[in-house]
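Remember, it's a predicted structure, so these values are computed and weren't measured experimentally. Note: hydrogens, waters and symmetry copies are ignored here, and every other heavy atom, side chains too, is used. In what follows, chains are A, B, ... by sequence order, proteins preceding strands, each numbered from 1.
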Number of protein chains: 2
Amino acid sequence: MNEITTPRRATVHDVARAAGVSLATVDRVLNNRPGVRPTTARKVADAVTSLGFQRDLSASLLARARDLQVRFLIPAGSNEFMDSLADAASRRIESALIERLQIAITRLPLLDARALVDSLDVLMPHQCDCAVIVGTEEPAVLASVEEATRRGVMVMTLVSDLPGSSRRHFIGIDNVAAGRTAASLMGRFCPQGGKIALVAGSMHLHDHHDRLEGFRAVAAEYPGLELLEPLEGHDEHQETQALVEQLLARHSDLGGIYNLGAGTTGLLAALRRTRRTGSLRVIAHELSDCSRAGLADGSIDVVLDQNPDGEIGAALAAVRTLALGAGTLENNEPIEIRIFLRDNLG
Amino acid sequence: MNEITTPRRATVHDVARAAGVSLATVDRVLNNRPGVRPTTARKVADAVTSLGFQRDLSASLLARARDLQVRFLIPAGSNEFMDSLADAASRRIESALIERLQIAITRLPLLDARALVDSLDVLMPHQCDCAVIVGTEEPAVLASVEEATRRGVMVMTLVSDLPGSSRRHFIGIDNVAAGRTAASLMGRFCPQGGKIALVAGSMHLHDHHDRLEGFRAVAAEYPGLELLEPLEGHDEHQETQALVEQLLARHSDLGGIYNLGAGTTGLLAALRRTRRTGSLRVIAHELSDCSRAGLADGSIDVVLDQNPDGEIGAALAAVRTLALGAGTLENNEPIEIRIFLRDNLG
DNA sequence: CTGTTAGCGCGTTCAT
DNA sequence: ATGAACGCGCTAACAG
């Protein structure tokens with residue numbers, strides 16, 4: 001039998017011996033601290049690569065008698081999805097602690113760049129190793145991210161990326177693919193073709209924009225589908241409900257609705273009031289109590305979900321990896337979109 | 001600002017002090033080793049619960065200067081899906097090693113209970129902490145699992161469970177839900193109704209059986225759907241291809257095919273030869289090179305995937321948790337079924 | 001039966 | 001600029 005005999009991993013001792021220096025020097029190089037001659041540093045670096053040395057994060061945290069501190073900065077009040085993100089983070093507090101990861105969560109009062117910047121600017125490297133933020137692409141935010149990085153606080157973006165910045169990693173789904181998938185389903189749901197309505201929060205939101213783009217691209221492959229102009233409900237229950245009721249009244253022959261925003265509660269209310277849940281195919285985003293109910297009673301056919309639990313898990317895993325000093329994460333696979341019907345709900 | 005001040009976790013020292021004993025005694029109780037008076041053991045146990053003590057697995061492995069050994073026993077040759085399971089495990093070898101988890105993989109020559117039993121019986125606790133097996137429900141296998149458990153080797157079931165046994169955990173999807181989901185999609189794909197063909201490997205396989213059951217239950221909700229008698233292709237390319245070609249020839253008005261087995265290659269060949277990829281809705285199982293190609297060229301509409309990577313990850317996480325001595329894992333949520341269309345392929 | 005002690009891989013004073 | 005020595009939470013070999 002081919003038994004796999006794993007060779008013992010290299011330790012700091014091995015590196016020190018190979019480089020002909022002491023443990024302390026190796027440690028200084030590893031954590032790139034000052035006080036090492038360039039020549040010595042090179043010797044250590046060579047030993048590290050030739051031995052394939054990999055630091056043991058757990059032992060490192062054990063020695064420092066210190067946990068890894070992660071702070072999530074998540075908007076509140078605006079979006080139901082943000083609540084589920086925060087909940088997912090909360091749920092992990094306990095289990096993360098066992099792995100020496102301390103999770104702190106700050107809900108920002110508004111979807112306000114100022115509040116985010118203020119919270120970010122306060123974070124110091126001795127109390128926060130990594131800030132995981134969901135932020136909008138505004139100059140003040142970008143500046144704050146740069147500043148945090150310079151101070152020694154890693155920044156990671158969640159849900160919505162800040163491409164030009166010094167964020168070390170991005171966790172989120174591919175929203176264009178989400179829109180494409182929705183269209184691909186809708187096209188198959190309506191083999192006879194038909195009018196399809198699009199309900200968004202706002203076209204100014206990056207993710208909504210991407211979803212719309214993806215949906216339109218694939219919908220074009222189904223000549224029978226006639227896309228109506230997108231409605232903007234600003235993710236407000238009342239407004240979305242009114243909009244959808246008006247929509248249903250105007251188009252008695254509507255074939256489907258793609259709700260690419262977060263106003264699912266309002267949409268559902270409208271659908272139920274007008275009792276048009278049979279002949280109409282409805283695709284919405286984000287699993288929530290509301291959308292679960294919609295799936296259960298048949299008013300929603302499919303829910304595309306961003307998988308907040310998976311995103312939080314991926315974020316924590318990334319923090320651990322990046323804490324070792326890796327420049328960037330190469331395995332930057334985006335989070336997978338989850339697809340739910342009534343029949344595969346947890 | 002509500003700063004979360006986490007109290008320091010309790011350590012073995014704290015437990016020893018609280019129980020009025022020494023570290024060694026605490027350790028003996030924790031690893032339930034012999035040589036401790038019941039009275040003393042109780043005092044320690046009380047201290048553990050009252051302090052909410054949780055062992056640090058990493059520190060434990062560090063002290064033992066020993067990695068956690070996990071062995072996967074996976075059938076070979078029969079099923080393409082098993083290959084992807086083994087691949088998923090292989091891909092994790094390196095990253096797991098950093099977390100002190102040594103992965104070993106044994107491919108069993110046949111889907112043969114005897115081979116599984118032989119491999120399992122050899123495993124000793126000093127070389128294998130946990131065996132993760134995908135096995136059939138046969139008396140010899142069950143006996144072997146009991147024996148392994150008695151020896152001190154944990155057993156975990158993967159993909160296919162052994163309900164009555166002493167396996168500590170099961171990792172797999174809900175196949176009834178998978179079948180239901182397929183029917184739910186098919187029903188929506190065929191609003192006019194139509195004939196639906198079912199292609200299975202064998203009705204003797206637990207998972208195929210469950211999928212069929214789920215599919216039938218939900219398909220009954222769509223009165224227009226007419227289910228043909230299931231075909232058994234025994235997951236063989238040739239046989240499945242012949243079966244499907246015959247099927248297509250006989251039913252020129254076929255509306256859809258649900259391939260609930262693993263013979264996707266044969267199915268695809270038949271579809272391409274008969275060039276019937278337009279009006280026909282096809283739902284298959286397991287993402288593979290073959291099914292990916294089918295999605296890409298439109299011959300397959302939807303692939304339901306068991307998520308082998310996720311299953312391996314869940315298995316490794318479970319091993320870590322169970323290694324601390326927890327009796328059973330309470331969070332026994334099944335693995336989620338992944339749903340792929342052409343537009344959300346990684 | 002129970003306690004003492006050394007050491008796992010690493011970080012961190014404090015000397016040198 | 002560099003090294004020796006101690007401690008983090010836990011296990012194990014050896015005393016008592």
[X] [atom1] to [N] [atom2], straight-line distance once rounded to whole Å:
X: Leu68(A); N: dG11(C); atom1: CG; atom2: C1'; result: 14 Å
X: Leu324(B); N: dC10(D); atom1: CG; atom2: C1'; result: 12 Å
X: Arg42(B); N: dC1(C); atom1: CZ; atom2: P; result: 18 Å
X: Arg66(A); N: dG9(D); atom1: CZ; atom2: C1'; result: 18 Å
X: Asn31(A); N: dT13(C); atom1: CG; atom2: P; result: 12 Å
X: Arg33(B); N: dT11(D); atom1: CZ; atom2: C1'; result: 7 Å
X: Asp27(A); N: dA4(D); atom1: CG; atom2: P; result: 15 Å
X: Leu23(B); N: dA13(D); atom1: CG; atom2: P; result: 16 Å

query = Between Arg66(B) and Asp129(B), does at least one N-O distance fall below 4.0 Å, as a salt bridge requires?
reply =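 Yes, this pair counts.
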Asp309(B)/Arg92(B) salt bridge by N-O under 4.0 Å criterion =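 Looking at Asp309(B) together with Arg92(B), the answer is no, because their closest N to O distance does not fall below 4.0 Å.
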[X] side chain near [N] phosphate (N/O to OP1/OP2, under 4.0 Å):
X: Thr25(A); N: dG3(D); result: yes
X: Thr40(B); N: dT2(C); result: yes
X: Arg28(B); N: dC1(C); result: no

key: the helix from dC1(C)-dG16(D) to dT16(C)-dA1(D): angle between end helix axes, five pairs per end, rounded to 10 degrees   =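 Terminal axis comparison yields 40°.
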Keeping [X] on the side-chain end and [Y] on the backbone end, is there a donor-acceptor pair under 3.5 Å?
X: Ser119(B); Y: Ala115(B); answer: yes
X: Arg320(B); Y: Glu99(B); answer: yes
X: Thr149(A); Y: Val145(A); answer: yes
X: Glu146(A); Y: Ser166(A); answer: yes

Protein N or O to nucleotides 7-9 of chain C N or O, pairs below 3.5 Å:
| unit_1 | atom_1 | unit_2 | atom_2 | d |
| --- | --- | --- | --- | --- |
| dC8(C) | O2 | Leu62(B) | O | 3.2 |
| dC8(C) | O2 | Ala63(B) | N | 3.0 |
| dG9(C) | N2 | Ala59(A) | O | 3.4 |

request  = Please check if any side-chain donor atom of Asp161(B) sits under 3.5 Å from a side-chain acceptor atom of Thr157(B), or the reverse.
outcome  =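 Indeed, the side chains of Asp161(B) and Thr157(B) share at least one donor-acceptor pair under 3.5 Å.
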request  = Determine the contact category for Val26(B): base if any of its heavy atoms lies under 4.0 Å from a base atom, sugar-phosphate if only primed atoms, P, OP1 or OP2 are that close, otherwise nothing.
outcome  =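 No contact.
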inquiry  = Measuring from atom CG of Leu158(B) to atom CD1 of Ile74(B), what distance do you get when rounded to the nearest 0.5 angstrom?
reply    =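 These two atoms lie 6.5 Å from each other.
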key: Residue whose nearest DNA chain C nucleotide is more 5′ - Gly20(B) or Leu57(A)   =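 Closest to the 5' end, via its nearest nucleotide, is Gly20(B).
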task = Apply the test side chain to side chain donor-acceptor pair (under 3.5 Å) to residues Arg71(A) and Thr106(A): give CA-CA distance (whole Å), side-chain angles for both, the deciding distance (0.1 Å), then the verdict.
result = CA-CA 7 Å; Arg71(A) 179 169 293 270; Thr106(A) 305; 2.6 Å; yes
